[in-house]
There are 4 protein chains.
Amino acid sequence: RQTLYDVIFEADSTLGRGFDIALLVAIIASIVLVSLETVPEYGLQRDPKSETPVSTLATWFWVLEWFLTILFTIEYALRLYCVRHPLKYAFSFWGIVDLLSILPSYLALFVEYSAKSFVILRSVRLLRVFRVLKLWRMMSQADELADAVWKSREKIIVFLAVVLVAVTISGTLMYQIETVLMGSSHESDFTSIPQSMYWAIVTMTTVGYGDVVPHTTIGKIISAALILLGYSLIIVPTGFVSAELSSKLVTTTERHLCSQCGLSN
Amino acid sequence: RQTLYDVIFEADSTLGRGFDIALLVAIIASIVLVSLETVPEYGLQRDPKSETPVSTLATWFWVLEWFLTILFTIEYALRLYCVRHPLKYAFSFWGIVDLLSILPSYLALFVEYSAKSFVILRSVRLLRVFRVLKLWRMMSQADELADAVWKSREKIIVFLAVVLVAVTISGTLMYQIETVLMGSSHESDFTSIPQSMYWAIVTMTTVGYGDVVPHTTIGKIISAALILLGYSLIIVPTGFVSAELSSKLVTTTERHLCSQCGLSN
Amino acid sequence: RQTLYDVIFEADSTLGRGFDIALLVAIIASIVLVSLETVPEYGLQRDPKSETPVSTLATWFWVLEWFLTILFTIEYALRLYCVRHPLKYAFSFWGIVDLLSILPSYLALFVEYSAKSFVILRSVRLLRVFRVLKLWRMMSQADELADAVWKSREKIIVFLAVVLVAVTISGTLMYQIETVLMGSSHESDFTSIPQSMYWAIVTMTTVGYGDVVPHTTIGKIISAALILLGYSLIIVPTGFVSAELSSKLVTTTERHLCSQCGLSN
Amino acid sequence: RQTLYDVIFEADSTLGRGFDIALLVAIIASIVLVSLETVPEYGLQRDPKSETPVSTLATWFWVLEWFLTILFTIEYALRLYCVRHPLKYAFSFWGIVDLLSILPSYLALFVEYSAKSFVILRSVRLLRVFRVLKLWRMMSQADELADAVWKSREKIIVFLAVVLVAVTISGTLMYQIETVLMGSSHESDFTSIPQSMYWAIVTMTTVGYGDVVPHTTIGKIISAALILLGYSLIIVPTGFVSAELSSKLVTTTERHLCSQCGLSN
């Protein structure tokens, strides 16, 4: 039982590393399966009206899907068997992720194939995508990363508040300018304030889709000014976060020598 | 009166923190209200021609809006009551913000509902969005942030001047190239120099909407060269600003005391 | 003559600062004039066929333009008068900029208004935009900035070479994939390798116009992989440049204490 | 033979530097040739059906192409001649690059001009683009760069894993929301999960093409939230990589010697 625990939960032994690689392959294969099933041209998703799969390829996908589900079920059962407190594990974050990665396949059996339940059925099937979270556990640096994000949560809240204030004011401004200047022709892309705020977020983060753009000359001038303002503004909290990260990295990798007494801190 | 001051202006006591959270909820609810009112599909904004609200939901929005306005009015009155110099507060930045967050609702009562005054009425109503600035006061780091921006104002002016020079020259260049090469077909997106400068700003900040793009091969080659140039160029002042911020952060947070001799480094 | 030199070339005295502000206003007004003239809706540019200006506003623009040109001419004459070596100044960078900012207006007088010379005339008139370079001289940090860019020229060349290699290979790859997979329908946006390289530059710098995008599923998968690769790749030289800048800033603003002898370096 | 080695492989002597510059010009000319050949308007590519080149310009391109190929062949032969272990060189990375930069031109001779072999022929011809890799060898910092990338490979894998998890979950979420909310009209841009993941990558790296955008209000709100989340998320590993680079640069360039006591800090 202890040996099993080492193989599954640790990556030190040869067997443990082999288990990790097999799991990695299974997870990635599973994500590829779920993704490709939704491409309509490939015709891999079972028709909700007919019971039979659409093509031979769809059958293979169905077989592979169940093979992976059974694999993840065995993994889940083994994990529950070899930990000291199975119940505690079952309700931990990783326990729930493990359950979520097998449950949808079984649940899908109980949902009848009908036009009505199509949305529910698909939602249930798509939940299998959470298997990707199993990847997270395998990363040794994951805890450090989560820790760094957690420690800079105050700065992130400040960042979000700054963005919220900037987005609300610039969004409202552009909404009023564009709709008034475009007049009764009603062709403005800024149809409402939520739409304008969406534009402001897309613009300030420099994503810039281009689905919402100013059409009037004055709108463009104000827009350009807002871009530059937003660009300068967004640097500030970004700088805070990366300075935080750098300083954290510096303190863990550099050993200072005190200039007063010459000893290492 | 002193107790009231502590509750409203400080966040140390339990009551003070409760007051802050209630205010936070009220501000965010208010912003959501103003935003959703402008979505045409929801039909929440009163028709300027008819006196009656369009739907039951609109009535609820109207009630909630007045509830929040009265809440902010009481808050404003209490703030004026418990500060030592009410007049000085009334003309301070936060005093004006507090006034601006209640005035639009009252002003809207005096603007007659007519097709003519529609734009004025809406502008007045949208001024309520400045309530979002009340959020700013609640952030303890806001002063530090504003201070950091103020201290690096010279660098920001240099940044804006560099951008202005680059944008003017590259905008004019692209305008001339695209309009001459596209010939009399007049389908160039670069219809004027302000338009080209708007393109240059959108491009150099890597927003890249795509509403103005070069169409000729030579235009694309020059455009690509300008992107790379602008990309290298914009790194320079950005680097200045973030270096400024980092060094500021380092000096304020890294006043280490040597763990060996207890002296400051 | 020495007093005149101080007023024009230095910004220490009250008169010198006043001169600088007046010049700043004149430059920005001039740039606004040149830009607005090209907006077709405003009808400010003289018709090449008729001698008379189109509107009253156009006359005012014409008057203001000549007022500014005469102002810059006087400034140029005074600069030539008060420097020790007028010829040396005339052939220096700033001397040429000063000449370029007045010459186009005078040259435009000698170009006859005809449909044929329209392009030449406009090009000459647009040269006035180089007046914006006069702004550059007024920035005290301009020399430092130019120096920092000059010192990191090797890194910038490395950056450009890395980008050239990545852009060439990924552009060719996407061109081949998209055109082969799109088949004879010929609707691919990747019409040629220069077009694909333009796409690669626009993508890797995260500008992302969206005028050239992959249309096939395989094209999108490869494109996404290339974006991530390019994103990681472009961080490397960017990091080099900003590290260079930071270290330069650090050495000029921080005084190290030597840990061996305790003296300032 | 040793002199030849110095000229070709080293850049210390005048002749060696001249050789490098000549090679640089030849490589860039070659890339320009291959690129321009694919622009359909210029008509430079030989028609696959007729044997004769389309234009005089096409003949010149053909001549120049063979001139460069022979040049690169001589260079390859000389390199093989002057290295100590020719076979070892031939199978090294740079040996294969040298072979790849001449092979396609010779191979193209053996592929018959027919409509069927058009794709193969073009693929072979496009392989000449790998000549751009010869540029890489000429960069003295190339090894350092490759080394820095190699050393931070673990962080890059973490970065890719984080991106994969975020992209999978947000892509699936947006796919489900947009397709359900858009209903049976089927106009959603999120046609499948791979498409949604492509959107998520394009969005999170702030490329933002705009070919796939949310159309529903709820989709836009969730999208805006995901952008901000992704923006904050992507800062984390980016910060890791640039901190790694900075610290590496600091340790290699900042081995200061104290100016007071001459000891290394």
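Throughout, a chain's letter reflects where its sequence line sits, starting with A, and its residues are numbered from 1.
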Measuring heavy-atom distances to chain D, does C:Ser223 have an atom under 4.5 Å in its side chain, in its backbone, in both, or in neither?
side chain
Under a 4.5 Å cutoff for heavy-atom pairs, which residue among C:Ala161, C:Gly208, C:Gly210 has the most contacts with chain D?
C:Gly208
So does C:Leu181 have more than 12 non-hydrogen atoms from other groups sitting under 6.0 Å from CG?
yes
C:Ile221 side chain reached by D:Pro194 side chain, heavy atoms, under 4.5 Å:
no
Validation row: C:Leu173, D:Val129 side chains within 4.5 angstrom (heavy atoms):
no
Can you tell me how far apart CG (D:Asp211) and NZ (C:Lys220) are? Round to the nearest 0.5 Å.
6.0 Å
Can you say whether C:Val165 sits under 4.5 Å from chain D via the side chain, the backbone, both, or neither, judging by heavy atoms?
both
Measuring from D:Leu127:CG to C:Thr172:OG1, what's the distance to the nearest 0.5 Å?
9.5 Å
Is there side-chain contact between C:Thr203 and D:Tyr209, with heavy atoms separated by less than 4.5 Å?
yes
Taking the side chain as C-beta and beyond, is there a heavy-atom pair between D:Val207 and C:Val207 under 4.5 Å?
no
Whether the side chain of C:Thr168 engages the backbone of D:Val132 through a donor-acceptor N/O pair (distance < 3.5 Å, no angle test) should be reported.
no
Distance-minimising heavy-atom pair for C:Ala224 and D:Ile201:
CB-CD1, 3.7 Å
